[in-house]
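Position 1 is the first residue of the sequence, and the numbers go up from there. When a ligand or atom number is given, it counts from 1 through the structure's own listing order.
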Amino acid sequence: MLQFTFLGTSSGVPTLTRNVSGLAIHYCKSKDWILVDAGEGTQHRIQQAKLSLQHLKAICITHVHGDHCYGLMGLLASAGMNARKDPITLIAPKEIQQWFAVTCQFTELFLPYPIHFIDVNTLTNPFQLDEHISIDVHHLHHRVTSYAYGFKATQTQRKLNVDVLNQLKIPKGKLWGDLQQGQNIEWNGQSVLSQDVLIQNTQSVYAIVGGDNDQPELLSNACQDAALLIHETTYTQSILDKVGAGPMHSSAKMVAEFAESIQLPNLIATHLSARYHDAQGVQSIGNEIAQYYHGNFYIADDFDQYELNMHGELTQFRTGKPWEK
Ligand SMILES: [Zn+2]
Ligand SMILES: [Zn+2]
(Lines give C-alpha, C1' and ligand atoms only; values in the text may rest on other atoms or scores of the structure.)
(Ligands and ions follow the chains in the order given, each with its own letter.)
Protein backbone atom coordinates (compact mmCIF):
# COMPACT_ATOMS: atom_id res chain seq x y z
CA MET A 1 0.00 0.00 0.00
CA LEU A 2 1.21 3.53 -0.77
CA GLN A 3 0.03 6.69 0.97
CA PHE A 4 0.64 10.15 -0.45
CA THR A 5 0.58 13.41 1.53
CA PHE A 6 0.83 16.52 -0.62
CA LEU A 7 3.03 19.15 1.03
CA GLY A 8 3.10 21.56 -1.91
CA THR A 9 1.07 21.70 -5.12
CA SER A 10 2.00 25.07 -6.63
CA SER A 11 4.13 25.69 -9.68
CA GLY A 12 7.01 28.19 -9.49
CA VAL A 13 6.01 30.33 -6.49
CA PRO A 14 4.14 29.61 -3.26
CA THR A 15 0.78 31.25 -2.56
CA LEU A 16 -1.15 31.48 0.71
CA THR A 17 -2.98 28.23 -0.07
CA ARG A 18 -0.38 26.21 -1.95
CA ASN A 19 3.32 25.77 -1.26
CA VAL A 20 5.86 24.76 -3.89
CA SER A 21 6.52 21.08 -4.62
CA GLY A 22 6.81 18.44 -1.92
CA LEU A 23 5.20 15.02 -1.58
CA ALA A 24 5.49 12.56 1.33
CA ILE A 25 5.10 8.85 0.56
CA HIS A 26 4.41 6.25 3.23
CA TYR A 27 4.40 2.56 2.37
CA CYS A 28 3.21 -0.74 3.80
CA LYS A 29 2.43 0.64 7.27
CA SER A 30 6.13 1.39 7.87
CA LYS A 31 7.02 4.43 10.00
CA ASP A 32 9.64 5.27 7.40
CA TRP A 33 8.72 7.60 4.59
CA ILE A 34 10.08 9.11 1.39
CA LEU A 35 10.01 12.74 0.29
CA VAL A 36 9.76 13.62 -3.39
CA ASP A 37 11.01 17.18 -3.98
CA ALA A 38 11.59 19.79 -1.30
CA GLY A 39 10.57 23.26 -2.42
CA GLU A 40 11.26 26.14 -0.02
CA GLY A 41 9.20 25.83 3.16
CA THR A 42 8.77 22.07 2.88
CA GLN A 43 10.04 21.58 6.45
CA HIS A 44 7.22 23.78 7.74
CA ARG A 45 4.72 21.71 5.77
CA ILE A 46 6.29 18.56 7.27
CA GLN A 47 5.71 19.93 10.77
CA GLN A 48 2.16 21.01 9.98
CA ALA A 49 1.37 17.58 8.54
CA LYS A 50 2.81 16.04 11.75
CA LEU A 51 5.42 14.00 9.91
CA SER A 52 8.67 13.12 11.69
CA LEU A 53 12.04 13.96 10.14
CA GLN A 54 13.43 11.13 12.31
CA HIS A 55 11.71 8.60 10.06
CA LEU A 56 12.53 10.28 6.76
CA LYS A 57 14.41 7.49 4.96
CA ALA A 58 14.93 8.85 1.46
CA ILE A 59 14.58 12.03 -0.58
CA CYS A 60 14.11 12.00 -4.35
CA ILE A 61 14.63 15.27 -6.23
CA THR A 62 13.08 15.40 -9.71
CA HIS A 63 15.13 18.34 -11.05
CA VAL A 64 17.17 21.34 -9.97
CA HIS A 65 14.58 24.11 -10.35
CA GLY A 66 14.18 26.04 -7.11
CA ASP A 67 10.50 25.30 -6.61
CA HIS A 68 11.52 21.62 -6.29
CA CYS A 69 14.66 21.83 -4.15
CA TYR A 70 15.25 25.18 -2.37
CA GLY A 71 13.92 23.68 0.87
CA LEU A 72 16.37 20.80 0.86
CA MET A 73 19.32 22.27 2.78
CA GLY A 74 17.21 23.62 5.65
CA LEU A 75 15.39 20.35 5.93
CA LEU A 76 18.62 18.30 6.03
CA ALA A 77 20.04 20.67 8.66
CA SER A 78 16.90 20.40 10.80
CA ALA A 79 16.96 16.60 10.54
CA GLY A 80 20.39 16.73 12.21
CA MET A 81 19.28 18.89 15.15
CA ASN A 82 18.15 15.99 17.30
CA ALA A 83 21.29 13.88 16.86
CA ARG A 84 19.96 11.71 14.11
CA LYS A 85 22.35 8.86 13.29
CA ASP A 86 20.44 6.96 10.62
CA PRO A 87 21.46 7.77 7.05
CA ILE A 88 19.20 9.51 4.54
CA THR A 89 19.32 8.25 0.96
CA LEU A 90 19.29 11.21 -1.42
CA ILE A 91 18.54 10.44 -5.07
CA ALA A 92 19.03 13.59 -7.12
CA PRO A 93 20.84 15.21 -10.04
CA LYS A 94 24.58 15.44 -9.31
CA GLU A 95 24.36 19.26 -9.10
CA ILE A 96 22.41 18.81 -5.87
CA GLN A 97 25.35 16.94 -4.35
CA GLN A 98 27.70 19.76 -5.37
CA TRP A 99 25.31 22.34 -3.91
CA PHE A 100 25.13 20.33 -0.67
CA ALA A 101 28.95 20.16 -0.48
CA VAL A 102 29.42 23.93 -0.86
CA THR A 103 26.55 24.63 1.56
CA CYS A 104 28.31 22.50 4.18
CA GLN A 105 31.57 24.32 3.47
CA PHE A 106 30.26 27.92 3.34
CA THR A 107 27.74 27.69 6.17
CA GLU A 108 29.65 25.34 8.48
CA LEU A 109 26.96 22.73 8.35
CA PHE A 110 28.02 19.45 9.99
CA LEU A 111 25.38 16.75 9.85
CA PRO A 112 25.55 14.06 12.57
CA TYR A 113 24.23 11.47 10.12
CA PRO A 114 25.46 10.30 6.69
CA ILE A 115 23.84 11.17 3.37
CA HIS A 116 23.85 8.25 0.98
CA PHE A 117 23.91 10.15 -2.31
CA ILE A 118 22.83 8.50 -5.58
CA ASP A 119 23.20 10.39 -8.86
CA VAL A 120 19.77 9.89 -10.40
CA ASN A 121 21.33 9.71 -13.85
CA THR A 122 23.23 6.54 -12.90
CA LEU A 123 20.20 4.72 -11.54
CA THR A 124 19.50 2.31 -14.39
CA ASN A 125 18.03 -0.52 -12.30
CA PRO A 126 15.39 -0.32 -9.57
CA PHE A 127 16.91 0.67 -6.22
CA GLN A 128 15.69 -1.46 -3.33
CA LEU A 129 15.32 0.99 -0.44
CA ASP A 130 14.16 -1.72 1.97
CA GLU A 131 12.26 -5.00 1.87
CA HIS A 132 9.00 -3.17 1.13
CA ILE A 133 9.84 -0.61 -1.51
CA SER A 134 11.94 -0.09 -4.61
CA ILE A 135 12.47 3.08 -6.61
CA ASP A 136 13.12 3.43 -10.32
CA VAL A 137 13.72 6.39 -12.59
CA HIS A 138 12.31 7.63 -15.92
CA HIS A 139 13.56 10.47 -18.11
CA LEU A 140 11.28 13.43 -18.79
CA HIS A 141 11.52 16.54 -20.98
CA HIS A 142 11.88 19.99 -19.39
CA ARG A 143 14.12 23.08 -19.45
CA VAL A 144 16.62 21.21 -17.28
CA THR A 145 17.07 17.44 -16.98
CA SER A 146 14.00 16.18 -15.17
CA TYR A 147 12.96 12.74 -13.92
CA ALA A 148 9.95 10.76 -12.79
CA TYR A 149 10.28 8.29 -9.92
CA GLY A 150 8.47 4.96 -9.84
CA PHE A 151 7.62 3.44 -6.44
CA LYS A 152 6.88 -0.26 -6.16
CA ALA A 153 5.52 -1.34 -2.79
CA THR A 154 5.55 -5.05 -2.03
CA GLN A 155 3.76 -6.75 0.85
CA THR A 156 3.88 -10.42 1.82
CA GLN A 157 1.08 -11.85 3.92
CA ARG A 158 1.63 -15.14 5.73
CA LYS A 159 -1.38 -17.23 6.61
CA LEU A 160 -1.29 -20.56 8.40
CA ASN A 161 -2.65 -23.49 6.42
CA VAL A 162 -5.14 -24.62 9.05
CA ASP A 163 -6.05 -27.84 7.19
CA VAL A 164 -2.44 -29.04 7.32
CA LEU A 165 -2.10 -28.09 11.00
CA ASN A 166 -5.26 -30.03 11.83
CA GLN A 167 -4.05 -33.05 9.86
CA LEU A 168 -0.83 -32.98 11.86
CA LYS A 169 -2.96 -32.56 15.03
CA ILE A 170 -0.86 -29.63 16.20
CA PRO A 171 -2.84 -27.81 18.93
CA LYS A 172 -3.71 -24.14 18.59
CA GLY A 173 -1.67 -21.72 20.67
CA LYS A 174 2.03 -21.07 21.00
CA LEU A 175 3.08 -23.64 18.38
CA TRP A 176 0.82 -22.05 15.77
CA GLY A 177 2.23 -18.65 16.70
CA ASP A 178 5.81 -19.87 16.32
CA LEU A 179 5.07 -21.35 12.90
CA GLN A 180 3.36 -18.12 11.81
CA GLN A 181 6.51 -16.21 12.82
CA GLY A 182 8.55 -18.42 10.50
CA GLN A 183 10.01 -20.68 13.21
CA ASN A 184 10.25 -24.45 12.77
CA ILE A 185 8.89 -26.55 15.65
CA GLU A 186 9.13 -30.08 17.09
CA TRP A 187 5.87 -32.01 17.36
CA ASN A 188 5.41 -35.70 18.22
CA GLY A 189 9.13 -36.20 17.77
CA GLN A 190 9.11 -34.74 14.28
CA SER A 191 10.29 -31.43 12.87
CA VAL A 192 7.57 -29.28 11.32
CA LEU A 193 8.93 -26.66 8.95
CA SER A 194 7.12 -23.35 8.97
CA GLN A 195 7.38 -23.10 5.19
CA ASP A 196 5.32 -26.30 4.90
CA VAL A 197 2.38 -24.90 6.85
CA LEU A 198 2.38 -21.30 5.65
CA ILE A 199 0.57 -19.87 2.66
CA GLN A 200 2.49 -16.84 1.43
CA ASN A 201 0.73 -14.23 -0.63
CA THR A 202 2.91 -11.50 -2.15
CA GLN A 203 1.23 -8.45 -3.63
CA SER A 204 2.69 -5.32 -5.12
CA VAL A 205 1.48 -1.98 -6.39
CA TYR A 206 3.31 0.58 -8.51
CA ALA A 207 2.89 4.36 -8.82
CA ILE A 208 4.79 7.02 -10.74
CA VAL A 209 5.51 10.55 -9.53
CA GLY A 210 6.62 12.88 -12.31
CA GLY A 211 8.76 15.98 -12.18
CA ASP A 212 8.14 18.91 -14.51
CA ASN A 213 7.58 17.63 -18.04
CA ASP A 214 6.04 18.75 -21.31
CA GLN A 215 5.91 15.27 -22.89
CA PRO A 216 3.71 12.97 -20.77
CA GLU A 217 3.93 10.29 -23.48
CA LEU A 218 7.55 9.69 -22.39
CA LEU A 219 5.96 7.74 -19.54
CA SER A 220 4.00 5.37 -21.81
CA ASN A 221 6.12 2.31 -21.11
CA ALA A 222 6.62 3.08 -17.43
CA CYS A 223 2.88 3.54 -16.94
CA GLN A 224 2.03 0.07 -18.29
CA ASP A 225 2.38 -1.34 -14.78
CA ALA A 226 1.30 1.78 -12.90
CA ALA A 227 -1.94 1.97 -10.94
CA LEU A 228 -1.40 5.71 -10.43
CA LEU A 229 0.37 8.61 -12.11
CA ILE A 230 0.98 11.87 -10.26
CA HIS A 231 1.81 14.51 -12.87
CA GLU A 232 2.04 18.25 -13.28
CA THR A 233 -0.84 20.09 -14.98
CA THR A 234 0.60 23.59 -14.77
CA TYR A 235 -1.92 25.23 -17.14
CA THR A 236 -5.12 24.72 -19.04
CA GLN A 237 -4.50 24.32 -22.77
CA SER A 238 -5.75 27.82 -23.69
CA ILE A 239 -3.29 29.45 -21.26
CA LEU A 240 -0.46 27.17 -22.38
CA ASP A 241 -1.16 28.27 -25.95
CA LYS A 242 -0.83 31.92 -24.85
CA VAL A 243 2.24 31.35 -22.67
CA GLY A 244 3.91 29.30 -25.40
CA ALA A 245 6.10 26.22 -25.16
CA GLY A 246 9.02 28.07 -23.49
CA PRO A 247 8.41 26.99 -19.86
CA MET A 248 8.13 23.35 -21.03
CA HIS A 249 5.17 22.33 -18.88
CA SER A 250 2.10 20.19 -19.55
CA SER A 251 -1.48 21.36 -19.82
CA ALA A 252 -4.35 19.50 -18.15
CA LYS A 253 -5.47 18.45 -21.65
CA MET A 254 -2.08 16.96 -22.56
CA VAL A 255 -1.92 14.88 -19.38
CA ALA A 256 -5.57 13.81 -19.64
CA GLU A 257 -5.20 12.73 -23.28
CA PHE A 258 -2.11 10.75 -22.41
CA ALA A 259 -3.80 9.09 -19.43
CA GLU A 260 -6.79 8.19 -21.59
CA SER A 261 -4.59 6.81 -24.38
CA ILE A 262 -2.97 4.27 -22.05
CA GLN A 263 -6.14 3.60 -20.02
CA LEU A 264 -4.46 4.73 -16.83
CA PRO A 265 -6.72 3.83 -13.88
CA ASN A 266 -5.83 6.72 -11.54
CA LEU A 267 -4.40 10.21 -11.99
CA ILE A 268 -3.55 12.97 -9.51
CA ALA A 269 -2.90 16.40 -11.00
CA THR A 270 -0.61 18.82 -9.17
CA HIS A 271 1.86 21.73 -9.73
CA LEU A 272 -0.81 24.30 -10.65
CA SER A 273 0.19 27.76 -11.83
CA ALA A 274 -0.80 30.43 -9.26
CA ARG A 275 -3.54 31.69 -11.60
CA TYR A 276 -5.53 28.48 -10.81
CA HIS A 277 -5.36 28.59 -7.02
CA ASP A 278 -8.92 29.79 -6.44
CA ALA A 279 -11.94 27.46 -6.69
CA GLN A 280 -12.72 28.63 -10.20
CA GLY A 281 -9.17 27.94 -11.36
CA VAL A 282 -9.15 24.43 -9.91
CA GLN A 283 -12.51 23.83 -11.54
CA SER A 284 -11.17 24.83 -14.96
CA ILE A 285 -8.28 22.35 -14.63
CA GLY A 286 -10.76 19.69 -13.45
CA ASN A 287 -13.18 20.33 -16.31
CA GLU A 288 -10.40 20.01 -18.85
CA ILE A 289 -9.17 16.72 -17.41
CA ALA A 290 -12.73 15.34 -17.28
CA GLN A 291 -13.23 16.26 -20.94
CA TYR A 292 -10.36 14.07 -22.14
CA TYR A 293 -9.90 11.41 -19.44
CA HIS A 294 -12.49 8.98 -18.12
CA GLY A 295 -10.49 7.30 -15.36
CA ASN A 296 -10.43 8.22 -11.66
CA PHE A 297 -8.71 11.55 -11.03
CA TYR A 298 -8.11 14.17 -8.35
CA ILE A 299 -6.55 17.61 -8.30
CA ALA A 300 -4.32 17.71 -5.24
CA ASP A 301 -4.57 20.42 -2.61
CA ASP A 302 -1.86 20.95 0.00
CA PHE A 303 -2.28 18.42 2.85
CA ASP A 304 -4.55 16.15 0.85
CA GLN A 305 -3.85 12.49 1.61
CA TYR A 306 -4.49 9.59 -0.74
CA GLU A 307 -4.12 5.86 -0.38
CA LEU A 308 -3.38 3.41 -3.17
CA ASN A 309 -4.19 -0.09 -1.92
CA MET A 310 -2.61 -3.35 -3.08
CA HIS A 311 -5.45 -3.82 -5.57
CA GLY A 312 -4.51 -0.54 -7.24
CA GLU A 313 -7.58 1.33 -5.94
CA LEU A 314 -7.03 4.99 -5.09
CA THR A 315 -9.02 6.84 -2.42
CA GLN A 316 -8.68 10.24 -0.84
CA PHE A 317 -8.80 9.73 2.91
CA ARG A 318 -8.04 13.20 4.25
CA THR A 319 -8.38 16.67 2.92
CA GLY A 320 -7.71 20.17 4.21
CA LYS A 321 -5.23 21.66 6.61
CA PRO A 322 -4.44 19.56 9.70
CA TRP A 323 -4.35 22.51 12.13
CA GLU A 324 -7.91 23.44 11.19
CA LYS A 325 -9.30 20.09 12.32
ZN1 LIG B 1 8.17 23.27 -11.09
ZN1 LIG C 1 10.90 22.96 -13.46
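- Applying the salt bridge (charged side-chain N to carboxylate O under 4.0 Å, His left out) rule to pairs touching residues 171-196 yields K174-D178, sequence neighbours excluded.
- The structure places NE2 of H116 at 13.5 Å from CD1 of I59, a figure rounded to the nearest 0.5 Å.
- Between the side chains of D212 and H65, no donor-acceptor pair of N or O atoms lies under 3.5 Å.
- Side-chain contact of N184 with S191: a donor-acceptor pair under 3.5 Å is absent, judged by distance alone.
- Taking CG from N19 and CG from D302, the interatomic distance works out to 6.5 Å, rounded to the nearest 0.5 Å.
- The Zn ion (ligand 2) has H63 NE2, H65 ND1, H142 NE2, D212 OD2 as its protein N, O or S neighbours under 2.8 Å.
- The CD1 atom of I199 sits 13.0 Å away from atom CZ of R158, with the distance rounded to the nearest 0.5 Å.
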